[in-house]
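One structure below.
Protein chains get the first letters and strands the later ones, always in sequence-line order, with residue 1 at the start of each.
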There are 2 protein chains.
Amino acid sequence: MATIKEVAKAAGVSVATVSRVMNQNGYVHEDTRRKVEDAIRELNYTPNEVARSLYKRKSKLIGLLLPDITNPYFPQLARGVEDRLQEQDFRLIFGNSDESRQKETDYLQTFLQNNVVGVISSTNAPDHDMYTGLGIPVVFLDRTLNDNPAVYADGREGGRQAATELVKRGSTNITIIQGPADVRPAMDRFHGAVEALESSGTSYEVLKTTSFSFTEAEGWAKELFRRYPDSDGIIASNDIVASAVLQEAVGLGRRVPQDVQIIGFDDIPLSRLLIPSLSTIHQPAYEMGREAADLIIRLIEGQYIESRHIQYAVEFIERQTTRKVES
Amino acid sequence: MATIKEVAKAAGVSVATVSRVMNQNGYVHEDTRRKVEDAIRELNYTPNEVARSLYKRKSKLIGLLLPDITNPYFPQLARGVEDRLQEQDFRLIFGNSDESRQKETDYLQTFLQNNVVGVISSTNAPDHDMYTGLGIPVVFLDRTLNDNPAVYADGREGGRQAATELVKRGSTNITIIQGPADVRPAMDRFHGAVEALESSGTSYEVLKTTSFSFTEAEGWAKELFRRYPDSDGIIASNDIVASAVLQEAVGLGRRVPQDVQIIGFDDIPLSRLLIPSLSTIHQPAYEMGREAADLIIRLIEGQYIESRHIQYAVEFIERQTTRKVES
DNA sequence: TTGTAAGCGTTATCAC
DNA sequence: GTGATAACGCTTACAA
């Protein structure tokens, strides 16, 4: 990698002049500019971002902290973030937190050490010390707390819709799979579902779970049908869990949706590939990622922000694990 | 963020001394060390990686270039990479290339500008100029070329196995879905399958495709059954495409696996959740990611490398889209 | 319009 | 054992 000094020498000017043409500020004579540009091209020069970052005390790097990229919901989020960021020449430092406080602080630490100018995080602890007083903008993605900048979907409404659609389609004995208690969207959905079920007077059961992992979900699916064999409607905590439930139901010889209806959350790509395809509450993950990136950019650039809180509407996607109903 | 200078002042020593205790090199008196350590703790000091990186002309950053994190195969790879790297305190700068040469060079460029010490890439153009003479170690992941450091699975053998297992289970009229021509593993699989089919004298058709995307796959699935309605065995280019084929087959009223057997590649998590669950050729993606990270670390540290070429064996995973056979 | 030089936060060399 | 100080590659006053 050529340095600014080499370019300067090649062009017969000082480094300051090279810097000026690179950054297009300050006066520089047309002829010198051309000489410098030639030298730059000649030497294939690109500025060292590290030196730049050191001087300006800020980089073009943004930290992204996701619980687990292996969970099919997050790649979409990540992709949205990345696409938007790269349009503005920002780069991403990425880490999986595994919902571990320790990993989270470690990553935040190194983000800071690398002069990142902002962080986007799907944390379960937005109120933790490590975020307050970070010194750089933070956007919570798929999470929210008070009036911190955040991009998320309306989980509570999602829960309500899920319950309502099941009831509307004839389920009278619903089981709600309650996701991890420390994951905010999971609880929102749960409370939304309970709310709708209570107000419609539908009887329901609750099965508590502690993660969204594929393998564990299979266990819960079994437990569900063991403990609540009469369920005729199941609100899963997300699509992964719903898939496991669907598989177990079919394995048990239940007809879906005739005997039991199943509904998930997120609308991950897998959902439409299942047979029967999964009815679910859609969240615009890719869009949300983009929006989070957009928000952090505006925050970084100190632009006026109309709303730091961006809530997306959710939408019921009717597929084959719920019954048809007259419209 | 406190600086080394502030720590030095607080401890009543010079920055050199602070640096010595930080890096545990050079002599430093037990008492001074303690003073410095106290000051460090007091001020919550962590060294600025940017300044470090500038001076040493290398960072703790590694670039990871994947085609598309949204394709369910890649998150596993990425996770393996990340897990291993973070054990050694390396961080990841991540980008999606979309198989675009332009994006790829752009990312590589900025990786370099950020002093990354190594790159892990799933590129289709390992022989491209941008990689030769990058100046830092590169590991190709899920790709390979000549004797460049690479971690990949035995695609050809995978193709052979897929074909062999189908034939062994009675398919006599197989259709191979040929993946994108510029994606090496796709072609390896294809050639492997053709090889096995030829040598067993089984008749087969080929359907060419150009991507692995969910949505396009649905189109190809339709085309497949339109053009080759008599297929009784289908070798998909990967699990995504296999899922689309499975869905289409079921939609058309074909019984799987009685009327038509289907086999995929990769063994992404989705595969076991399908109903019927998908028989496939397994690749140890997470392990491969870890191994790639391990290899790049060894390369960076200049360790002796026994083999720069790490090929993983593949394995047939028998599930429900292939028939049972006497053992 | 251009050049000189200080400074960003480290590490390493060399005196002392 | 410890402290000055140059250097890493850049940007930006300030001078000229």
Assign [X] to base, sugar-phosphate, or nothing according to its heavy-atom contacts below 4.0 angstrom with the strands shown.
{"X": "A:Val13", "result": "sugar-phosphate"}
{"X": "B:Ser53", "result": "nothing"}
{"X": "A:Ser19", "result": "base"}

| field | Test applied, side-chain contact (heavy atoms from CB on, under 4.5 Å); reference residue, B:Arg52; option that passes from B:Lys60, B:Met22, B:Lys58 | value | B:Met22
| request: Determine: side-chain N/O of B:Asn23 to OP1/OP2 of C:dT11, distance under 4.0 Å, yes or no. | output: yes
| query | Of A:Val15 and B:Lys5, whose nearest nucleotide on DNA chain C comes first from the 5' end? | reply | A:Val15
| said: With heavy-atom distances below 4.5 Å as the criterion, would you say the side chains of A:Asn48 and A:Thr3 are in contact? | reply: no
| request: Provide the start and end nucleotides, 5' to 3', of the part of DNA chain D that has atoms under 4.0 Å from heavy atoms of chain A. | output: D:dG9 to D:dA13
| said: Please check this pair: side chain of A:Glu6 against backbone of A:Leu43, looking for a donor-acceptor N/O pair closer than 3.5 Å. | reply: no
Around atom [atom1] of [X], are there more than 12 heavy atoms of other residues, nucleotides or ligands at under 6.0 Å?
{"X": "A:Lys103", "atom1": "NZ", "answer": "yes"}
{"X": "A:Gln24", "atom1": "CD", "answer": "no"}
{"X": "B:Glu306", "atom1": "CD", "answer": "no"}

| For the side chain of A:Arg57 and the base of C:dG7, is some donor closer than 3.5 Å to an acceptor across the two? | no
| task | Using a 3.5 Å limit on both pairing distances, list the dot-bracket string of DNA chain D from the 5' end; Watson-Crick and G-U wobble pairs count, crossing pairs take [ ], interstrand pairs take |. | result | ||||||||||||||||
| request: Give every residue pair that meets the salt bridge (Lys or Arg N to Asp or Glu O under 4.0 Å) criterion with at least one member in residues 61-72 of chain B, sequence neighbours excluded. | output: A:Arg79-B:Asp68
| message | Under a 3.5 Å cutoff, is there a donor and acceptor pairing between the side chains of A:Asp142 and A:Tyr73? | response | yes
